[in-house]
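Remarks on the structure that follows.
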Amino acid sequence: RGGFSSGNSYSLAVNKEVELGAPVQLIEEAGPGAPLGSPFLVNVSVLAEEPTSQPTLEEESSTRIPANDSVGELVKRGTKLEKLEATLAKARSAIREAAALNKNMLSTYEDLYYVPRGPIYRNANAFHRSYLEMEKLFKIYVYEEGDLPLFHNGPCRSIYSSEGRFIMEMEKGNFYRTKNPDEALVYFLPFSVVTMVQYLYVPGAREYHAIGRTVADYIDLVSRRHSFWNRSLGADHFMLSCHDWGPHTTSYVPNLFYNSIRVLCNANTSEGFNPAKDVSLPEINLLTGDITGLLGGPSPSRRPVLAFFAGRLHGHIRYLLLKEWKEKDQDVLVYDNLPKGVSYQSMLKKSRFCLCPSGYEVASPRVVEAIYAECVPVLISDSYVPPFSDVLNWKAFSISVDVKDIPDIKKILMGISQTQYVRMQRRVKQVQRHFAMNGPPKRFDIFHMIIHSVWLRRLNVRIQD
């Protein structure tokens, strides 16, 4: 899989199939000469700040669909897998067409529930068409192997709620799940790293081999019982983890680390997170298990605090933030511990900007907390890929501050005009639906956005028997 990075935008070249070695190939087809900055794609995101033209790439794969073969003909005479791949080819074509029609940042498709529009999307039309194709075609097989509590289970009332709630919804099987593995487009590995840490890690130990070996043993088991892992070397399989140790745990199985779709809260590119194939998972701290009372906040005129952060000393970025701003300014309120009687939620809703520094790892639940409270998030991190960056234009509704610029936070935020702030805050309210954790899930919410991110990455590979 080859990709590029442009600032905070991540994408793949989209003109050819790159052979990764049978049986997996990368699909890259947006049309000859398409600019790297072409919005959306068939794959992962893409709106570079300064689009540059991309040279036409020579077709190298012997398995590309021949020009004189229609998708319909392939479906009629192909194997089950070939039929699935032909169906994906039609979806890719439809999404490319939709991307080319994105004239006014508004979807042209009818949808009584919600129509994506505006600058919060890289390409609203392409996203909507992709989402509709996903709802129509995407099927996920959940391996049934593995016993509770390490498998088919996860925490739903903690800082790791994203992990537990997703596993729970997949186990319910009300969305996308199929019991027939031959009709699935992807395969879910239903282990919980959080639960493994709870049961297998010895507090104080300097290593956690037992967790990694358990994952390796599980994949060995399903690869012996089923043909799908070996067929693709894991490229059409995905796992999900919100624990800090999730990325390292996958390293015990090289194909899981390098080939599979890893849905991770710890989306750190300096530690092997690959935006071309991995998915950034929002970290959400739901102590009660639901979002009742968390969504919504006052209008911009009723937010007297310029910027707010409260959190303990975790990692060097928070150290720099606390050292520079802790209880030193009337407009930038930074605390390691809130004053007695002050509510954390009320402070979020009183603030115009909410500071979201990384801790020991890059992800922070404060990003989603800010969005829930309709407070413009200020991301302060190194090597972090924000969630759903393949379709969401984070620059439209958040501020990114380099770690070196922490001393200038007030200057940066004061430099944002009232008009610009009101516009950004309105977009935060709009993007909120994509981070809402509903029970049961609702269209376009966080559960479906996670699935859509996996769907996009499956579109980027072709599996062969």
Hey, does the side chain of [X] reach the backbone of [Y] with a donor-acceptor pair shorter than 3.5 angstrom?
X: Arg177; Y: Glu171; result: yes
X: Thr87; Y: Lys83; result: yes
X: Ser158; Y: Pro155; result: no
X: Gln345; Y: Leu294; result: no
X: Asn393; Y: Arg122; result: no
X: Glu271; Y: Pro247; result: no

Please state whether the rings of [X] and [Y] are parallel, tilted or perpendicular, taking 30° and 60° as the class boundaries.
X: Tyr160; Y: His243; value: parallel
X: Tyr113; Y: Phe444; value: parallel
X: His434; Y: Phe127; value: perpendicular

Are [X] and [Y] packed together at the side-chain level, in the sense that at least one heavy-atom pair is separated by less than 4.5 angstrom?
X: Ile446; Y: Phe388; answer: yes
X: Pro119; Y: Arg427; answer: yes
X: Phe175; Y: Ile451; answer: no
X: Ser162; Y: Met437; answer: yes
X: Ser280; Y: Pro387; answer: yes
X: Val215; Y: Ile219; answer: yes
X: Pro386; Y: Leu379; answer: yes

Salt bridge present between [X] and [Y] (N-O < 4.0 angstrom):
X: Asp111; Y: Arg443; value: yes
X: Lys411; Y: Asp405; value: no
X: Asp390; Y: Arg457; value: yes

- Item | Identified ring-ring contact (aromatic ring centres under 6.0 Å, His included) counterpart of Phe353 within the set Phe309, Phe308, Tyr421 | Tyr421
- Which residue, Phe191, Phe188, Trp229, forms the ring-ring contact (aromatic ring centres under 6.0 Å, His included) with His237? Trp229
- On the ring face of Phe257, is Arg262 found with NZ or CZ under 6.0 Å from the centre and within 45° of the axis? yes
- When Tyr141 is tested against each of Phe228, Tyr187, Tyr176 for side-chain contact (heavy atoms from CB on, under 4.5 Å), which residue passes? Tyr187
- Query: Yes or no on ring-ring contact (aromatic ring centres under 6.0 Å, His included) for His226 and Tyr143, after CA distance, side-chain angles and deciding distance?
  - Reply: CA-CA 9 Å; His226 308 273; Tyr143 283 114; 5.1 Å; yes
What distance separates [X] [atom1] from [Y] [atom2], expressed to the nearest 0.5 Å?
X: Asp445; Y: Asn438; atom1: CG; atom2: CG; result: 4.5 Å
X: Cys156; Y: Met168; atom1: SG; atom2: CE; result: 5.0 Å
X: Glu135; Y: Phe138; atom1: CD; atom2: CZ; result: 12.5 Å
X: Cys242; Y: Glu283; atom1: SG; atom2: CD; result: 4.5 Å

- Query: Under 6.0 Å between ring centres, would you say that holds for Tyr372 and Phe435?
  - Reply: no
- Query: Taking everything shown except Gln420 itself, do over 12 heavy atoms lie less than 6.0 Å from its CD?
  - Reply: yes
- Atom NZ of Lys410 with >12 non-hydrogen neighbours under 6.0 angstrom: yes
